[in-house]
*Asks:* 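The structure is given below, and queries will be raised subsequently.
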Amino acid sequence: MIKSMHSLMYPAALVVALSAPAAAQTPSLDYDRLRDETARRLSEYIRINTSNPPGNELATARWLKEVLAKEGIEGQILDTAELGAGRANFYARIKGTGSEKAIALVHHMDVVPVSREFWSADPFGGVTRDGYVWGRGALDMKGHGIVQLMTFIAIKRAGIPLTRDLVYIANADEETDGLGSRAFIDRHPDLIKNIEYLLTESGGSRIENGKVRWYGMNVGEKQVYWQKLVVRGKASHGSRPTPFNPVPRLARILARLADWQTPTRVTPAVDRYFKAQAKAEAGDRRRWLADAAGALKTPRGRAWLLSDPDRNALLRNTISPTVLVGSNKTNTIPPEASAELDIRLLPDEDTLAFRRELLRVTADPGVTLTMIGDMEPRVSAPLDTERARAIERTAGRLLPGIPFATTVSTGATDRPYYAGAGLICYGVDPFLVDVEEGRRGVHGNDERVSIENLGFGLKLYAGVVQEMQGREGSVNREP
Ligand SMILES: [Zn+2]
């Protein structure tokens with residue numbers, strides 16, 4: 001399996017070198033045994049309740065350290081003082097030749113809380129039933145973290161030669177404030193400085209009624225650009241209106257913002273994403289998805305593309321006014337009124353240019369805009385690196401004939417922190433989960449992952465990690 005994979009990916013000259021004895025000895029992995037072991041490990045992992053709050057990730061970090069110690073891999077429990085009682089990050093590394101930079105497999109150990117009354121299995125029982133492992137985190141994202149762990153272990157056991165170090169990182173607190181990844185990145189620049197690529201959650205694959213419509217590799221995230229908009233007036237009594245009431249002024253500004261049709265554009269990643277979707281459609285829809293930029297210039301194509309909130313959010317910057325504050329008394333005109341705007345910008349958007357446009361549309365020179373929270377670094381990974389193609393090739397081999405899509409997410413994860421530290425971040429899906437099943441389970445009830453999916457995840461990760469190595473190291477060692 002592994003050898004045939006290499007003959008697919010390397011040019012003829014390298015294949016000759018690879019068929020030399022050193023490469024021919026590359027061991028293959030026993031995926032059936034690994035899959036069953038993965039299911040057992042996942043049950044154990046789920047039994048450690050890391051509902052956040054409070055998190056309790058120190059317990060999972062200790063467990064990970066113990067599991068890896070049995071394999072002769074030394075892990076480190078980190079950042080306990082910074083993260084507070086019962087919390088930790090975890091880190092381990094398998095050394096390669098060091099001829100290329102490292103790859104990190106990253107997951108979060110915390111899970112969202114459960115409403116037990118809606119579950120048909122104990123959410124922290126790690127039950128295996130009907131071919132599934134049940135429990136909170138099975139999909140988001142303990143199952144993914146265990147597939148990464150077993151890939152890491154399998155590569156160590158089999159002695160598969162690495163040119164890139166393989167790094168395993170488990171973070172606390174992704175589900176609330178991202179404290180874990182931030183502490184890890186701030187405090188351990190030495191541990192991340194030679195990591196080039198990071199693989200984590202949210203690939204964006206689409207499975208409907210058991211049919212895989214596309215396999216997704218996530219390459220970007222919209223930028224969170226929350227703003228507080230304030231207008232000032234003059235406080236007075238509500239019984240004697242004046243033109244200086246800031247409340248109607250704010251209402252007029254918000255109406256202008258709500259009417260603003262922000263410009264649409266098709267980024268390269270979204271273009272590829274829509275093109276992959278086009279393959280599963282027919283007629284007009286197929287045409288519009290295959291050429292979204294062209295379709296946006298036609299009334300029908302534009303209306304259809306923007307009619308779906310997901311597609312609309314991928315084609316433009318969006319603004320949702322949410323929190324409003326005016327007076328807290330019926331008879332009092334307040335000195336100021338404010339609104340909070342949930343703004344999400346396209347991954348490559350120029351934030352200063354957008355801010356100028358936003359102020360222009362408010363058409364009110366008295367407006368002040370201030371950022372809510374910090375501006376996170378942008379996540380916009382290149383589409384055409386050799387390593388991105390390694391993911392595409394592996395998925396293509398496991399899912400022949402299924403379109404490969406580069407996806408962009410409208411929500412936020414921990415990735416901006418890692419991207420800010422210079423890592424190229426890709427989201428991949430180790431599981432092919434029906435959209436309905438995902439909706440029910442992720443942050444919901446009866447979360448579970450099939451054992452078959454654990455097997456798929458292992459093949460995907462083991463394939464990707466090995467393809468991402470390249471074999472320059474082994475080739476150079478040939479006499
Ligand atoms: Zn998650």
Side-chain angles (χ1 to χ4, degrees), residues 38 41-42 45-46 48-57 59-61 64 83 87-90 104-115 123-124 133-149 151 168-185 198-207 216-222 224 310 376 379 381 407-419 423 425-435 437-450 453-454 457 460-461:
T38 303
R41 288 296 186 203
L42 177 56
Y45 199 37
I46 285 172
I48 306 170
N49 182 343
T50 49
S51 297
N52 185 12
N56 193 33
E57 300 93 340
T60 38
L64 289 168
L83 293 172
R87 312 201 78 177
N89 286 317
F90 180 79
L105 312 181
V106 178
H107 85 287
H108 59 85
M109 298 179 281
D110 60 323
V111 296
V112 292
V114 297
S115 309
F124 302 103
V133 180
W134 298 65
R136 174 56 88 222
L139 297 173
D140 181 16
M141 104 175 257
K142 282 180 166 171
H144 193 150
I146 291 297
V147 164
Q148 292 178 335
L149 180 80
T151 303
Y168 186 80
I169 299 169
N171 288 130
D173 197 47
E174 190 269 351
E175 296 290 3
T176 55
D177 299 320
L179 298 177
S181 56
R182 276 190 280 183
F184 182 79
I185 292 158
L198 180 152
L199 303 178
T200 190
E201 65 186 335
S202 58
S205 304
R206 178 93 179 175
I207 295 93
M217 172 181 79
N218 190 287
V219 295
E221 228 170 70
K222 285 189 83 178
V224 176
D310 289 332
E376 307 296 357
V379 183
T407 64
V408 173
S409 44
T410 50
T413 67
D414 271 355
R415 280 185 301 168
Y417 311 131
Y418 284 102
L423 279 64
C425 302
Y426 293 119
V428 294
D429 289 322
F431 308 136
L432 303 172
V433 179
D434 217 84
V435 62
E437 171 107 21
R439 247 179 232 147
R440 184 171 60 241
V442 174
H443 294 208
N445 309 313
D446 277 348
E447 188 176 350
R448 61 180 193 167
V449 63
S450 73
N453 255 330
L454 295 175
L460 181 94
Y461 257 100

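Order of listing sets the numbers, starting from 1, for every ligand and every atom in it. These numbers were taken from a predicted model, which means no experiment stands behind them. FYI, side chains are in, hydrogens and waters are out, and symmetry mates aren't considered; it's all heavy atoms of this structure.
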*Asks:* Using the test side chain to side chain contact (heavy atoms under 4.5 Å, CB included), find all partners of Val224 that sit at least two apart in sequence or belong to another chain.
*Replies:*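 Expected list: Trp226, Arg344, Ala412.
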*Asks:* Do any protein N, O or S atoms sit under 2.8 Å from the Zn ion (ligand 1), and which ones are they?
*Replies:*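 His108 NE2, Asp140 OD1, Glu201 OE1, Glu201 OE2, with waters left out.
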*Asks:* Is the backbone of Pro416 close enough, under 3.5 Å, to the side chain of Glu221 for a donor and an acceptor to pair up by distance?
*Replies:*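 Side chain of Glu221 to backbone of Pro416, a donor-acceptor pair under 3.5 Å: no, none is there.
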*Asks:* For Glu174, does its backbone N or O pair with a side-chain atom of Asp414 as donor and acceptor, under 3.5 Å?
*Replies:*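 Absent.
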*Asks:* Please identify each residue that fulfils side chain to side chain donor-acceptor pair (under 3.5 Å) with Thr407, with sequence neighbours left out.
*Replies:*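 Asn218.
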*Asks:* Are side-chain N/O atoms of Ser181 and Asn171 paired as donor and acceptor at under 3.5 Å?
*Replies:*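 Judged by distance alone, the side chains do not pair up.
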*Asks:* Quick one: list whatever passes side chain to side chain donor-acceptor pair (under 3.5 Å) with Ser51, sequence neighbours left out.
*Replies:*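 Ser51 satisfies side chain to side chain donor-acceptor pair (under 3.5 Å) with Asn49 once adjacent residues are dropped.
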